[in-house]
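What follows is a short report on a single structure.
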Amino acid sequence: MSIGTQLETLRKNLPESVTLVAVSKTKPLADIKQAYQAGQRIFGENKVQEMTKKWEALPKDIQWHMIGHIQTNKIKYMAPYVALIHGVDRIKVLAEIDKQAKKNHRVIDCLLQVHIAEEDTKFGFSPEELIALATTDIKAHYPNLNIKGLMGMASNTTNTKKVTKEFKTLKVLYEQCNTNGLGFNILSMGMSADYPLAVLQGSTMIRVGSKIFGHRNY
Ligand SMILES: *Cc1c(COP(=O)(O)O)cnc(C)c1O
């Protein structure tokens, strides 16, 4: 199936409340152009250098989302244009995004990444750290960033009960943050293999790569 057809099929089966991020990491400009022609405007990348090259080469109405692990020394390169940073997972990153946003006279939208999977290879705040952070006045500390919600990755397993439980944990934390008055409206969870489960648990944003563009060759 073509990229355009894959996108249409995917969108047709998604509730309107769910935003689709097309994860184009490792994929060439030609593939992204095909998705663009099929109406897709939000793309996700996990390497700053690759994303910046693509941003330079492609139409400026594309919104670029950084979905990968953040290195603080790379934030300055994406600060002029990035639309949403999903993987904010430590205080040092919050502080650096705030600094670079200010330099660029912007307010940068971010999500806090929460560690919900069992594997210890995945990054993110623990639920305890998140709640501690959510009860401090984040806005006062970091006036140049706008924390719009949470992001998480479930365990990489075919055990759907386990994946569902992890997504549910994230949804509960998201609601708890809103009870604390944070006004979140983005819950980024779900990838090619597990987005239907994530949507059932209340995801508002899914990050789908291989299901649109085919398998990646690293
Ligand atoms: C690569 C990646 C995705 C997309 O993965 P697929 O399985 O290809 O859909 C989603 N989220 C993050 C954080 C990723 O790194």
Side-chain angles (χ1 to χ4, degrees), residues 1-11 13-14 18-28 31-32 34-35 38 40-52 54 62-71 74-75 78 82-90 93 97 109-125 130 148-160 162-164 166-167 169-171 174 186-218:
M1 253 197 275
S2 74
I3 289 168
T5 313
Q6 289 289 13
L7 267 171
E8 273 163 36
T9 313
L10 195 63
R11 282 203 209 105
N13 297 303
L14 275 185
V18 179
T19 302
L20 171 64
V21 179
V23 176
S24 49
K25 62 191 186 194
T26 80
K27 296 295 176 182
D31 286 10
I32 302 176
Q34 275 191 50
Q40 184 65 28
R41 291 294 180 273
I42 306 177
F43 292 90
E45 292 282 335
N46 69 341
K47 297 216 160 60
V48 173
Q49 197 178 10
E50 180 179 343
M51 183 168 80
T52 302
K54 288 172 172 173
I62 290 178
Q63 295 173 40
W64 294 100
H65 287 200
M66 173 45 59
I67 63 167
H69 185 63
I70 316 286
Q71 292 169 270
K74 302 276 173 68
I75 292 169
M78 62 176 164
V82 68
L84 182 65
I85 302 178
H86 289 235
V88 176
D89 65 352
R90 52 204 196 280
V93 170
I97 296 171
D109 290 344
C110 300
L111 304 178
L112 300 174
Q113 184 170 355
V114 185
H115 185 272
I116 51 169
E118 234 165 58
E119 299 117 80
D120 47 33
T121 51
K122 297 216 167 111
F123 299 104
F125 291 104
L130 174 75
K148 302 198 72 165
L150 303 180
M151 180 269 214
M153 290 169 85
S155 295
N156 183 12
T157 169
T158 52
N159 182 343
T160 56
K162 182 174 174 163
V163 170
T164 295
E166 291 170 357
F167 285 146
T169 300
L170 191 59
K171 167 73 169 176
Y174 174 79
I186 301 178
L187 181 57
S188 168
M189 59 184 196
M191 322 185 1
S192 291
D194 57 18
Y195 75 85
L197 298 175
V199 168
L200 282 175
Q201 294 310 316
S203 170
T204 72
M205 184 173 275
I206 60 173
R207 311 173 308 269
V208 178
S210 45
K211 192 144 170 87
I212 299 168
F213 296 107
H215 288 294
R216 288 177 293 271
N217 301 309
Y218 285 100

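Note that this is a predicted model, so its numbers are computed, not measured. Ligands are counted one by one from 1 in listed order, and the atoms in each one are counted from 1 as well.
- In this structure, V208 has a heavy atom closer than 4.0 Å to ligand 1.
- Considering only non-hydrogen atoms, atom 6 (P) of ligand 1 lies nearest to S192 out of G68, G214, A193, S192.
- Near G209, meaning under 4.0 Å from any of its heavy atoms, are these atoms of ligand 1: 4 (C), 6 (P), 8 (O), 9 (O).
- The backbone and the side chain of I67 each have at least one atom closer than 4.0 Å to an atom of ligand 1 (non-hydrogen atoms only).
- Of all the listed residues (K25, M191, R207), K25 holds the heavy atom that lies closest to atom 2 (C) of ligand 1.
- No heavy atom of H86 sits closer than 4.0 Å to any atom of ligand 1.
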- Could you go through the side-chain hydrogen bond (donor to acceptor under 3.5 Å, both in side chains) check for Q201 and T164 one step at a time? CA-CA 7 Å; Q201 294 310 316; T164 295; 4.8 Å; no
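- Judged by distance alone, the side chains of E166 and S155 do bring a donor and an acceptor atom under 3.5 Å apart.
- For the pair V23 and ligand 1, the shortest N or O to N or O distance does not fall below 3.5 Å.
- Between E45 and K54 there is a salt bridge, with a side-chain nitrogen of the basic residue lying less than 4.0 Å from a carboxylate oxygen of the acidic one.
- Checking side-chain atoms of R207 against main-chain N and O of G44 turns up no donor-acceptor pair under 3.5 Å.
- When non-hydrogen atoms are compared, ligand 1 lies under 4.0 Å from neither the backbone nor the side chain of K211.
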- Query: side-chain contact (heavy atoms from CB on, under 4.5 Å) between F213 and I3: does it pass, once the steps are laid out?
  - Reply: CA-CA 6 Å; F213 296 107; I3 289 168; 3.8 Å; yes
- Item | From CA spacing to verdict: side-chain hydrogen bond (donor to acceptor under 3.5 Å, both in side chains), S210, H215 | CA-CA 5 Å; S210 45; H215 288 294; 4.8 Å; no
